Amino acid sequence: MANTLLIAKRIQLSKQRLDALLAHESITRAQAKELLKQRAALDREIMRLISVNIQTAGEEYDAATEALAKANTALADAIDDIDQIGEAINKVTAAVKWVSKVLEMA
Amino acid sequence: MTTAESLSPGGVRSPSVTRTKLLATLVLVALVTPGCGGLSVEQKAATARFGATTGELADLADVAFRTTRADVVDLRSRMFELGSTSVDLNASATDLDGPLDLEQLEKRLRAAAALRRFGELLTLLVSDGPAARIRASADDLIGEVRAIDGVGLSEDRADAIAALVAKIGGWFIAGKQKRALRGVVLDTNTTIKDLISLIERDLDPAALEWTAALTETVESIHGTLMEEIRLLDPGDKRTLGHLGEIELGQAHIAVLQADSARLALDATTRDRRVRATADDMNIALQKLRLLHSELVTLVQHKEHDLGNFDWLVSQIRDLQSHLTTIMRP
């Protein structure tokens, strides 16, 4: 199993920001349901991270942590401006794909 | 040499015979005197107590590993029945036991078993037990350790332990006890430290290891499942575990909300209990590491220092009392 990694810390931050966005007063039910799909995907990736030892050196790992950093920035922007929520969801979706790729290589 | 040959014509013993007898007497005294050839009663008691306490701690770790997995399976099964999208039965890491597969549990139980075997071996080494049992215990320890990934015991070390233990038995066992104890403690030094670290990491909820599977499951119930159910609308379709996909009515949603609230409460209670146990276990493991280091230092002294053994005994008592607290329901 993996130790606490940068990738895991960034996933945790993504989940915290998703929670903050879900609690936003202007969010619609449809948007909230979409955010929850991303949150569930991150829940699953964390469990996969516990189950394997991933390679922390490599282009894919760097790309995944970078994608998560961009997703977190986009989520923070959406918390400030709810109109940015679509962009945030796209960034989180992209980050989840990168994390999955890293986990598949483990 | 006969008695007649050893005497001088006048009946006086020769100097060489006297020296030989004196040497033999000194060797005998060295072998049976506490602190010289063998171990004193206090040293034996301290070592036996250390061994027993190590075994108790290993048993608690064993229970903690099993309990955590059982909790995860129970919580995730209920999540599945409530239609949680965080549970995916088609993926090994996200199914009902999450990352805590039986094979993974087996590895953890082996680590606990190896620590228990170490405790048993120390106890047996100072207990004047049958040599065959001591040898079997050493073999068990070596076998357990070799089956664990990430914990090393080189062939040389394993052979050294086996050879030392094989010498036990026969006359003047006390003299060999001390040497065997020193050998076993030193040859397993790194291995035991690795084992303690391995168990410590697994029980730390902050590390992404064994206990984290439970804390992440609990977090998923609160953060995702509860929200999913809160946002359900009549007419929504949801796959509810073994029931399969159904179109939800108002009554369904009310039942799901009540069930998820109960699950969330139960999950919080279990998480608190596991975290409390993990904290206690980590304190106990830190104490064990300290005591083990002390034991390693003490057995390297030419003469065991009884003063330090007294300190060791008091620390072991402290650890035993801590373990009693953990075991209290």
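Bear in mind the structure is a predicted one, so any value in this text is a computation, not a measurement. Throughout, protein chains are lettered first and strands after them, A, B, ... in sequence-line order, and every chain is numbered starting at 1.
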[X], [atom1] atom: more than 12 neighbouring heavy atoms under 6.0 Å:
{"X": "A:Glu104", "atom1": "CD", "result": "yes"}
{"X": "B:Glu103", "atom1": "CD", "result": "no"}
{"X": "B:Arg273", "atom1": "CZ", "result": "yes"}

Contacting region of B:Asp95 [heavy-atom separation from chain A under 4.5 Å]: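 Contact with chain A involves no heavy atom of B:Asp95 at all.
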Interface moiety of B:Leu232 toward chain A, non-hydrogen atoms closer than 4.5 Å: backbone
B:Glu216 side chain reached by A:Ile50 side chain, heavy atoms, under 4.5 Å: yes
Interface residues of residues 19-47 of chain A facing chain B - heavy atom cut-off under 4.5 Å: A:Asp19, A:Arg29, A:Ala32, A:Lys33, A:Leu36, A:Arg39, A:Ala40, A:Asp43, A:Arg44, A:Ile46, A:Met47
Interface residue of largest heavy-atom contact number with chain A, from B:Gly223, B:Ala212, B:Ser84, under 4.5 Å: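 Result: the option with the highest number of such pairs is B:Gly223.
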Gap between atom OG of A:Ser51 and atom CG of B:Asp101 - 0.5 Å precision: 7.5 Å
